[in-house]
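Working notes for the structure below.
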Amino acid sequence: MSQKRNGMQFLWLALSIPLLMSSAWAEEPADVAEEDASVLEDAIAEFVPTYSATLKQLGANYTMHLRGIEGSDSVSFDVRADQVVTKARVNLEYSYSPSLLSDLSQINVMVNDQVAASLPVPAETAGSLQQQVIDIPPHLVTEFNRLTLQLIGHYTMMCEDPQHSSLWAKVSNTSTLELETTPIVLPDDLSRLPLPFFDGRDSRALELPFVFASTPDNLALEAAGAVSSWFGAMASYRGAHFPVALGQLPEKGNAIVLMVGAATVAGVEGIEGARPSLTLVANPNDPYGKLLVIAGRDGEQLKQAALALVSGSHVLSGAAARIDRIDSLQSRKPYDAPNWLPSDRPVQLGELIEAKRLNVSGYNPGTINLPMRLPPDLFNWREKGVPLHLKYRYTPQPVSTNSSLLISVGGKFIKSLPLPSQESLKDDESLMAKLQQDDSLLREAELLLPLNSLPLQSALQLRFMYDYIKQGECRDIIIDNMRGTIEPDSTLDLSGYEHFIAMPNLGVFQSSGFPFTRMADLAETAIVMPAGAGAEEFSFYLDVLGRFGDSTGLPATAVTVTQGDDDTQLKDRDLLILAAAGNQPLLQRWADLLPASLNGEATFELSDLVHRVRYWTGSDTRANLRQARSSLAVGTGGAGAYVAGFESPLSSERSVVVIAAASPEKLIDVSTALRGGEDYEDSLQGSLAVVNGGRINNLVAEQQYYVGELGFFRYLQWLLAHNLAWMLLFTLLAVALTSVLFYFMLRARARARLND
C-alpha cells in the first residue's frame with residue numbers, strides 16, 4: 001500500500017505541475033506565486049537527483065596547464081547505473097595567454113572525445129580569470145565518461161614553435177561539473193549485486209543505512225560486520241558510513257535489513273525466516289530505493305546468510321536466494337590481505353594494475369601510477385632498500401640528450417634512468433639489429449627503493465620524458481610516435497624484510513587497521529561492545545569494520561564480538577574496545593592500565609609530545625618516544641573522545657585499542673577522524689590521542705612492547721644497538737670469556753713445556 005501511495009503521489013506531482021504553474025501565474029499575487037514556485041521546486045528536486053563535483057574531486061589535484069599548439073588534460077566521471085543524465089554543465093574557471101591569436105585559437109570542452117563547446121579567446125580578456133558556464137548535450141554522457149579540456153593555440157601566422165612558451169591556458173581545478181539525473185527502477189535481481197547499494201561509478205563517499213529488526217546480539221553484529229566490511233572494501237578511497245536504525249526503514253534510498261527469527265520490520269513482510277536467505281525488494285517508502293533483506297532463524301543462520309553474500313554474491317540470481325550450506329575451504333594466513341603487497345615473495349607489477357595501463361604514448365605522456373599498500377610492520381633497521389627489478393621498453397629518438405624514465409614514490413623522486421638515443425646506441429650492433437625488427441628497445445634496471453620513503457599507502461610512479469628536438473625554422477613539428485611500456489613481469493620484492501614493530505602505535509591503526517588486519521578476515525580479533533549499546537555505537541562499530549575492509553580488501557568474516565565478561569574470549573586475541581558515556585565494564589576492570597578516562601571526570605596523561613616535532617616515518621623508534629610526565633583531571637569541559645593503545649593484560653604481545661567517547665553522539669567525531677582527509681592537520685599517532693570535534697591532538701607516545709619475530713642474531717644485534725646496558729653486559733661477558741679461554745690456553749702451553 002505504501003509503495004502504491006508513493007507512486008500515486010509521484011503521478012499527482014507530474015500532473016499537477018502545469019496546473020500549479022498556470023494557476024500561480026494567472027490568479028495569485030506575485031508573493032503567493034513565488035511561494036508556490038518554491039514549493040514546486042522543492043517537490044521536483046526530491047525526484048531529480050543532482051550531482052556536483054570539482055575537477056579536484058574528480059582527480060585533478062593541480063591546476064590544469066594546457067601547453068603547445070594542441071595541449072590537453074582530462075578527468076573521468078561516471079554515472080550510476082540507476083540514473084540517467086538529463087542535464088549537464090561545466091562551470092569553468094580559466095585563463096589564457098595574451099599572445100594567442102583569437103582568430104586561430106580556442107579552448108575546446110570535450111566529452112568522450114566529442115566537442116561539446118569551443119570557447120573563443122578574445123585579446124581583451126586575455127591574462128585574466130574567466131568564468132563560463134558550458135552546457136553539455138546529455139546524449140554525450142554515458143555510464144563511463146571522460147571530460148577533456150583542450151587548447152588549440154597559435155601565436156603567429158608565420159612558422160611557429162609548437163612548444164613555444166606563449167602557448168598556454170590554465171584551467172582551475174575548482175571548476176565544477178554539475179549533473180541532473182532522473183532515477184530509474186532497477187529490477188529485483190541479486191545478480192546485479194552490489195548494485196544498487198554500491199556503484200563503483202559513483203565517486204562520492206558511500207552512505208548505506210543498516211536496519212536491525214530488533215536489538216542485535218553478538219552473532220547478528222558479526223553478520224552485520226562482515227557485510228559492512230565487504231562494502232567498505234569496495235568503497236575503498238571513497239570512504240563509507242553506515243547509519244543504524246532499529247525497526248524503522250529509511251525514508252528514501254537503499255538499505256540493508258537484518259532480521260532474526262520472528263522479528264520483522266514494518267513494510268517488509270512475507271519473507272520466510274526459517275532458513276538463511278537473501279531477498280531483494282523495493283523500499284516501500286521510496287519507489288526507486290531497494291532493500292537487501294538478510295534473514296535467518298537465529299544468529300548462526302543470519303551469519304551464514306551474510307557470509308554467503310560477501311563470499312558468493314557473483315553466483316546469486318533472481319529476487320531471492322535460500323542458502324543451504326557454506327563451507328570454509330582454507331584458513332587465511334597472516335599478511336595475505338589482497339590489498340597488501342605480498343611480503344613472502346616478489347610481486348609482479350602486472351599484479352598491481354591492468355597491463356594496458358602500463359603503456360603510454362607521446363612526448364609527455366603522463367605518469368604510470370601503481371598503487372601500493374605495504375604491511376605496516378616491516379622491519380627497516382639497517383636495510384638497504386626494497387629491490388625493484390624494472391623491465392621497460394621505449395622508442396629511441398634519433399638524437400637526444402635528456403630523455404629519461406623518472407621513478408618516484410608518493411611524489412618523492414627516487415631515480416632517473418636515461419633513455420639513450422639511436423645515435424648513442426649506433427656502436428652496439430646487437431641493439432641496432434633489434435631496432436630494425438622492432439621500433440622499441442627493451443632495457444632492464446636494478447634499483448633499491450628506501451623503505452622509509454614508502455608511505456604505507458602510496459603509489460610507485462613511473463614517467464617517460466622525451467626530449468623535444470627542434471629542427472629549425474618552419475621545420476618544427478610534433479610527431480606523436482613516442483611509446484613507453486613497463487613490462488608486467490617487472491618485480492618488487494619485500495621478502496627480505498621481517499615483521500617486527502614497536503607498539504602501541506595508533507598511526508598504523510588508523511592507516512592500516514593494524515594489528516587487527518594482520519589476519520585479513522580478523523580471525524584473531526575480538527571487538528568488545530559496550531553494555532546497553534544503541535544505534536550510535538552499532539553504527540560506529542560498522543564504520544570501523546568498513547575501514548578494516550578498505551585496508552585489507554576482504555570482508556571481516558571471522559571477527560568475534562563480545563561484551564568482555566568472559567576472559568576466555570579475550571585471550572590470545574587483539575582487542576578493540578568501544579565505550580561511550582562510561583558504559584564499558586571492561587575499562588573499569590582495567591582502569592589502572594588506561595592512560596585516559598571519561599568516566600565521571602575526564603582524566604588524561606600528558607607528555608611533551610605536543611611541544612616537539614615528530615618524524616613518524618623514520619626507522620629510529622626512539623626519536624618519537626614521549627613518555628607520560630603528568631596527569632590532568634577535568635570536571636567539565638574535557639575532550640569528547642580519545643583513542644588509546646596498550647598491551648593486553650591477558651596475553652603478551654597482543655594489543656588493545658580503546659576508543660571511548662563522553663557520549664554516543666561523540667563517536668561520529670572519531671569515525672570522521674579515522675577517515676581523515678584535508679580537514680585534519682594531524683593524524684592519530686603514539687599511544688594516546690584526543691579527538692576534539694575536527695581536531696586531533698596526540699598526547700603520549702609510549703612504546704612498551706614489540707610484536708613480530710626476528711632471527712636470533714638479528715634480534716641480538718638490534719638489542720645491543722638500542723640498549724647501552726645490554727651492550728656493556730655482553731661486552732663484559734665477551735671480555736671475561738676471552739680472558740678465561742686465553743688463561744686456559746696459556747696453562748696448557750705451560751704444562752706442555754714442563755712435560756718436555
Side-chain angles (χ1 to χ4, degrees), residues 1-14 42-51 79-84 181-202 204-214 216 220 223-224 227-228 230-231 234-235 240-260 263-273 277-296 302 305-306 309 313 316-321 535 538-539 542:
M1 289 296 293
S2 178
Q3 183 176 0
K4 182 178 180 181
R5 181 172 64 253
N6 278 286
M8 292 299 294
Q9 288 175 350
F10 181 69
L11 179 61
W12 171 87
L13 173 65
D42 292 342
I44 295 174
E46 183 179 354
F47 292 94
V48 182
T50 60
Y51 169 72
V79 179
R80 289 181 57 91
D82 55 0
Q83 295 176 354
V84 174
T181 62
T182 297
I184 59 176
V185 179
L186 295 179
D188 296 336
D189 188 355
L190 294 171
S191 66
R192 290 177 170 264
L193 288 174
L195 292 175
F197 307 96
F198 169 76
D199 193 329
R201 288 161 285 201
D202 192 343
R204 293 169 291 184
L206 173 65
E207 182 163 328
L208 180 61
F210 275 59
V211 179
F212 292 97
S214 58
V227 177
S228 69
W230 183 56
F231 280 107
M234 291 185 288
H241 174 51
F242 305 100
V244 168
L246 299 177
Q248 185 176 1
L249 296 178
E251 292 297 323
K252 60 187 302 184
N254 308 309
I256 306 297
V257 180
L258 296 100
M259 301 193 309
V260 180
T264 60
V265 178
V268 184
E269 292 87 13
I271 294 180
E272 180 65 37
S277 63
L278 301 167
T279 309
L280 195 59
V281 297
N283 184 347
N285 299 327
D286 180 359
Y288 301 104
K290 296 290 183 184
L291 304 176
L292 178 58
V293 183
I294 307 174
L302 183 71
L309 169 67
S313 62
L316 304 176
S317 65
F538 297 143
S539 176
L542 296 179

Side chain to side chain, Leu208 and Ser228, heavy atoms closer than 4.5 Å = no

Heavy atoms, side chains only, cut-off 4.5 Å: are Val227 and Leu542 in contact?
-> no

Output the distance between atom CD (Gln83) and atom CZ (Arg201), rounded to the nearest 0.5 Å.
-> 10.5 Å

Answer yes or no: is there a side-chain heavy-atom contact under 4.5 Å between Val185 and Lys290?
-> yes

Straight-line distance of Leu309 CG to Ser277 OG, nearest 0.5 Å | 11.5 Å

Side-chain contact, heavy-atom cut-off 4.5 Å: Pro250 with Asn285?
-> no

Under 3.5 Å: donor-acceptor pair, side chain of Asp189, backbone of Gly318 | yes

Go through the steps for Phe210 and Phe242 under the test ring pair (Phe, Tyr, Trp, His ring centres under 6.0 Å), then give the verdict.
-> CA-CA 6 Å; Phe210 275 59; Phe242 305 100; 5.5 Å; yes

To the nearest 0.5 Å, how far apart are OG1 in Thr279 and CG in Leu190?
-> 7.5 Å

Euclidean distance, Asp286 CG relative to Leu249 CG, rounded to 0.5 Å = 11.0 Å

If you measure from CG on Asn254 to CG on Leu291, what distance do you get to the nearest 0.5 Å?
-> 8.0 Å

Arg192 (side chain) donor-acceptor with Pro187 (main chain) under 3.5 angstrom = no

So do Leu278 and Ile294 actually touch side chain to side chain, heavy atoms under 4.5 Å?
-> yes

